[in-house]
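Chain naming here is simple, since letters A, B, ... match the order of the sequence lines and numbering starts at 1 in each.
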Amino acid sequence: LLPAELDFCAPATLNEALTELAGDDVIAMGGGTSVGLLLKNDLIEPRKIVWLAKIPELREVTAGPAGELVIGATVTLREMACSDVIGREYPALAYAAAQVGNPRVRAVATLGGALAHSDARQDVPPILYALKARVRIAGPASPAAPASRREVPVAGFHTGFMETALAEGELITHVVIPAVHGRRAAYARFTPGSDDDYPTVSAAASITRGEDQRVTSAVLALGGVGPVPLLVPEAARLAGTVPGPREIEAVAGAAEAAADPSGDQRGSARYKKAMAREWTARVLRACLDPGGASLRKRDWLITCEWYDLMPRLVIKHISSRSQP
Amino acid sequence: VKLSFILNGQSRETDIEPGLLLVDVIRELGLTGTKEACGVGVCGLCTVLVDGLPVSSCLYLAACAAGAEVWTVEGLAREEPALIRAFVENEGMQCGICTPGQVMAAAALARERPDASEAEIREQMAGNLCRCTGYQTIAASVRSYLATR
C-alpha cells in the first residue's frame with residue numbers, strides 16, 4: 001500500500017538524523033500515526049523516512065535550570081499521560097495527552113509528531129499554547145559548524161494547516177514548558193461524537209494570580225476553530241482583576257468573535273463558534289476555581305486512576321519502547 | 001531490507017520492502033488472524049502487541065518492529081486460551097469480525113493491569129469498535145477473564 005521505493009532509517013544520534021534529513025523528499029517520523037496516514041492517503045510522497053524514536057536525547061523528560069520542564073520530541077503521548085512529574089506539575093497537559101485517539105495511537109504517537117503535523121483539531125497544541133511552551137529545533141550542520149539549534153515560542157510555530165515554522169532539514173528536539181509559580185491551567189475538549197474523535201472545539205487556558213487573588217497573567221487558546229490553534233489576546237484583559245462572571249463572559253464573547261471555524265460533520269461554523277464561547281467560559285472558571293475542583297471531574301478522576309496506577313515513566317532516560 | 005524480530009515468541013527474519021506495514025508482513029508470514037479494516041488506526045481490528053503495547057499494525061511500519069517482540073492473535077490463542085474462552089463463554093462476539101483485535105486489546109490490559117477496574121476495562125476497550133455484539137458482553141468477557149487470573 002505504501003510506495004515500494006521508500007527508504008527507511010533509524011539513526012541513533014541527533015547528528016546522524018540531521019545528516020539523513022538532508023536533501024529533498026525526506027520526512028522525519030516520531031511514531032508514524034500521522035506520517036502513516038499521510039502516506040496512505042498519498043498526501044506525502046517521501047523517498048525516505050527518518051525514524052527518530054531511537055535517539056536517546058529525544059526520549060528524555062528533564063528539568064531545566066530554572067525549573068522548566070523539557071520533554072523530548074519522541075516521548076509518546078502515553079508516556080506523557082503516565083508521567084508522574086507531568087501529572088503532578090502540569091495535569092492539564094497530561095490530561096490533554098490522554099485524550100488523543102485511543103490507547104494504540106497514544107502508545108506510539110509522539111509529542112513532536114503532534115506539533116509537526118499541525119492540525120488544529122489535535123488535543124496537545126492548545127494546552128502548550130496556554131502554557132507558553134517553546135519549541136527547540138535542531139537544523140542541519142554546516143561544514144564549519146555542528147548542528148544549529150534554535151528555540152521558538154509554540155505560538156507562531158504553526159503557520160497553516162499542516163504547515164509549520166520548520167525549515168528544510170530541521171526537526172523538533174524538545175518542548176520546553178516554563179515553570180510559573182501560582183499558575184493554574186485547564187484543557188477541555190468538546191465532542192458530541194465518540195470520545196476518540198477529534199473535538200468539535202477545544203479550549204485551553206492558564207491563569208496566574210498573585211496573593212491578593214488578582215490575575216497577573218492569563219492565556220487562552222482554542223483548537224478546532226481555524227487552520228492553526230487560536231490565541232485569544234482578550235484573555236490578557238483579565239490581568240489586574242479578580243474575575244467574576246462579567247469578566248469571564250467578556251473573554252468568552254471575544255473567543256466566539258475570534259473563532260473562524262469551517263462547518264463539517266462535527267458541527268456547523270455557527271455551532272462551533274457558540275461552543276468556543278461556552279468552553280472558553282468553562283476552562284476559565286476551572287482555572288479560577290479556588291477549591292481546585294477539576295473541569296470534568298468524573299472524566300478526570302477516571303483518567304487519573306487509570307494512569308496513576310500504570311508503570312512510571314523513567315524521568316531522566318526512557319529506554320526506547322520497552323517503558324513504561 | 002532484512003527484518004529480524006520475535007513473532008509470537010519465535011525469532012523471525014524476513015526480507016521486506018522498507019515501506020511495508022506490519023499488518024502486511026504478518027499476513028505474508030501466514031498469520032492471517034490480524035486483519036486490516038479501517039486502515040486509519042480507529043477500529044482496532046489490526047491490534048497487535050509490540051513490546052507489550054497495543055498498536056494499530058495498519059499504521060505501524062514493519063521496519064519499526066526491528067528487534068521488537070510482536071504478539072498476534074495466533075500467539076495469544078496458543079499461550080492464553082483462557083482469554084479466548086472467556087470471549088466465547090460470555091458471548092463477547094456475534095459476527096466475530098472485530099474479535100482478533102478485541103482479544104489483543106484485552107491481552108494488553110491483562111498484561112499491564114491484571115486487577116483493572118471496570119472503568120479501566122472500558123477505557124482500554126473503547127478503542128476497539130464492534131458493530132453488532134454491543135459492548136456489554138465484551139466488557140463482561142474481559143472482566144470474567146481477569147477474575148480467573
Over 12 non-hydrogen atoms of neighbours within 6.0 angstrom of [atom1] in [X]:
X: B:E79; atom1: CD; answer: yes
X: B:I97; atom1: CD1; answer: no
X: B:E91; atom1: CD; answer: no
X: B:R111; atom1: CZ; answer: no

Separation of [Y] [atom2] from [X] [atom1] (nearest 0.5 Å):
X: B:L21; Y: A:L39; atom1: CG; atom2: CG; result: 8.5 Å
X: A:D7; Y: B:E17; atom1: CG; atom2: CD; result: 11.0 Å
X: B:L20; Y: A:F8; atom1: CG; atom2: CZ; result: 12.0 Å
X: A:E79; Y: B:L53; atom1: CD; atom2: CG; result: 8.5 Å
X: B:C58; Y: A:L37; atom1: SG; atom2: CG; result: 8.0 Å

Worksheet item: With a 4.5 Å heavy-atom cut-off, do A:P103 and B:E123 have their side chains touching?
Response: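 They are not in contact (no side-chain heavy atoms under 4.5 Å apart), so the answer is no.
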Practice prompt. Taking heavy atoms only and a threshold strictly under 4.5 Å, list by residue number the residues of residues 107-126 of chain A that touch chain B; give 'none' if the list is empty.
Written response: A:A107, A:V108
Worksheet item: Among B:V40, B:V55, B:N128, which residue forms the greatest number of heavy-atom pairs with chain A at distances under 4.5 Å?
Response: B:V55
Practice prompt. Go through B:S56, B:A108, B:G52 and name the one with the most non-hydrogen pairs under 4.5 angstrom from chain A.
Written response: B:S56
Worksheet item: What are the two closest heavy atoms between A:R104 and B:T47, and how far apart are they?
Response: CD-OG1, 3.1 Å
Worksheet item: Where is the tightest heavy-atom contact between A:N102 and B:G41, given as atom of each residue plus distance?
Response: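 Distance-wise, the nearest heavy atoms are ND2-O, 2.9 Å.
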